[in-house]
Q: 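Handing you a structure now.
Within every chain, numbering begins at 1; the chains are lettered A, B, ... in the order of the sequence lines, protein sequences first and strands thereafter.
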Amino acid sequence: MAENAAPPAKTEEKRSWADEESDEEKEAAAPPSQAADEAQPSELKKIESLSISDGKDSGERLLDDPDDSEIKAVTSGDTVYTSAVTFEDLKLSDELIKGLYVEMGFSKPSKIQAITLPMILTPPYKDLVAQAHNGSGKTTCFVLGMLSRVDPKRKIPQAICICPTRELAQQNHAVLLKMGKYTGITSMCAIPSDSANYIPINKRPPVTEQVVIGTPGTIKKWTSAKKLSTRDMKILVFDEADHMLAEDGFRDDSERIMKEIQRSSGGCQVLLFSATFNEAVKAFVSRVIKDGNQIFVKKEELTLEKVKQYKVQCPDELSKVEVIKDKIFEFGQKVGQTIIFVRTRNSARMLHQSLTEEGYECTSVQGALKQEDRDQIIKEFKDGLTKVLITTDLLARGFDQRQVLSSTSCALIGTDQSWRKSSVISSIIFLRFLTGGVRKILSLL
DNA sequence: AAAAAAC
């Protein structure tokens, strides 16, 4: 459990350096008496609802969720699913159970696991679209799904997971190795290899590993070169599925891969997992996934309500850097590590440079770096060797930094969106110009 | 609108 970052000070002291809200925000947000950081959490703290429908049902049934005690069974189509109270309910192999208890340290399924795992593991293995908050145990759902649907005796690829970034693919692969430690199930990452150990595709032996986790381009390349057989695929997972299926994301690649695998395998189960699904993606999903189980959480407030938010208004770009130096570093030392999100690769580079020049220790990572360097920088941060990491959307999604540090981290937001997607951040500091943008953020609250 | 993957 990550304890909430104790705010460094109460409101009054905070205002010694954080400006008060502007007029624009006042009209956009709440009654003028309410400071912005009061306006956000408690009001949004509603009981989260789960909506369960069979995909054809237009009228969604909403199950109020009183700490999951009442939800025992949910039906979808003709199949009756019994929510899993224990992992034993799922009839997993002993080896897998051991991995869950010993390696992962789990005791019982989380709510999303209790509901989705039976849907994933019960014939006729329907497709599944599932939304679950960050930190709710989403990864376990599909990793466990893949591990239990693979036949350990057959040395051929039977499960694929596709992720939007190499980093996320590696992270998910690490989870799979850990959870599947005693199963003997083999797996590999399908991401572009770094220059040092590059193997031309035609020299690459066909994949014999049973689970493959990778990024779209490489998966596509390997399958079209017949190095990755999809004939015996039983389960296909898209992590961060909303991005994988968004028009400005990986939709084309994803759709092609999905079609190809479903064709060659004769209908393989597809799982779509994400913390967020906007309406456009939902509409697309319902076209692609015709007859699947669906789980949506009503609103995506969970990340928000745990988060303490501060705003600092800066008249110009230069003063942002001043605030980072004077305040963020100091604040970051109290709470642990800091991630600074910025919008562009270039600002990541520039900010890193100007901070370093002035003797502030930090690192930065963005997509223009070589893969080796990316891996190295992230490893150092996860190992706690570096305290301040500047990054772009590269780490905005699915970056799980709890596996390293139970202490809190602090994120400084330079973009409108990335902080909402990021996993466990207990504290947010906005740095924005006086003009523009603020209203947009407030409307999201 | 930029970032991500990968050509």
Q: What is the distance, rounded to the nearest whole Å, between atom CG of A/Leu395 and atom P of B/dA5?
A: 10 Å

Q: Return whichever of A/Asp248 or A/Asp253 has its heavy-atom-nearest nucleotide of DNA chain B closer to the 5' end.
A: A/Asp248

Q: Return the value, rounded to whole Å, for the distance between atom CG of A/Leu245 and atom P of B/dA4.
A: 20 Å

Q: Measure CG/A/Leu394 against C1'/B/dA5 and give the value in whole Å, please.
A: 11 Å

Q: So, OP1 or OP2 of B/dA6: does either fall under 4.0 Å of a side-chain N or O from A/Thr215?
A: yes

Q: With under 30° as parallel and over 60° as perpendicular, where do the rings of A/Phe277 and A/Phe296 fit, or are they tilted in between?
A: perpendicular

Q: Roughly, in whole Å, what's the span from CD in A/Glu247 to P in B/dA1?
A: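 So the CD-P distance, A/Glu247 to B/dA1, works out to 15 Å.
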
Q: For A/Arg374 and B/dA4, is the shortest distance between a side-chain N/O and OP1 or OP2 below 4.0 Å?
A: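 So the side-chain polar atoms of A/Arg374 never come under 4.0 Å of the phosphate oxygens OP1 or OP2 of B/dA4.
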
Q: Of the non-hydrogen atoms in A/Ser187 and A/Leu177, which two are nearest, and what is the gap between them?
A: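 So the two residues come closest at OG-CD2, 3.5 Å.
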
Q: Please report, rounded to the nearest Å, how far the P atom of B/dA3 is from the CD1 atom of A/Ile390.
A: 15 Å

Q: Could you check if a side-chain atom of A/Leu236 sits within less than 4.5 angstrom of a side-chain atom of A/Leu271, using non-hydrogen atoms only?
A: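 No. Closest side-chain heavy atoms not under 4.5 Å.
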
Q: Please tell me if A/Thr218 has a side-chain N or O lying less than 4.0 Å from either OP1 or OP2 of B/dA5.
A: no

Q: B/dA6 P sits how many Å from A/Lys220 NZ, rounded?
A: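 That distance rounds to 10 Å.
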
Q: I'd like to know whether CZ of A/Arg231 has more than 12 heavy-atom contacts from other residues, nucleotides or ligands below 6.0 angstrom.
A: no

Q: Taking A/Glu240 for the side chain and A/Ser274 for the main chain, is one N or O donor matched with an acceptor at less than 3.5 Å?
A: no

Q: Determine: side-chain N/O of A/Arg166 to OP1/OP2 of B/dA5, distance under 4.0 Å, yes or no.
A: yes

Q: Contact class for A/Lys221 (heavy atom, under 4.0 Å): base, sugar-phosphate, or nothing?
A: sugar-phosphate

Q: Roughly how many Å is it from OH in A/Tyr198 to P in B/dA6, rounded to a whole number?
A: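 These atoms are roughly 12 Å apart.
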
Q: Measure NE2/A/His243 against C1'/B/dA2 and give the value in whole Å, please.
A: 10 Å

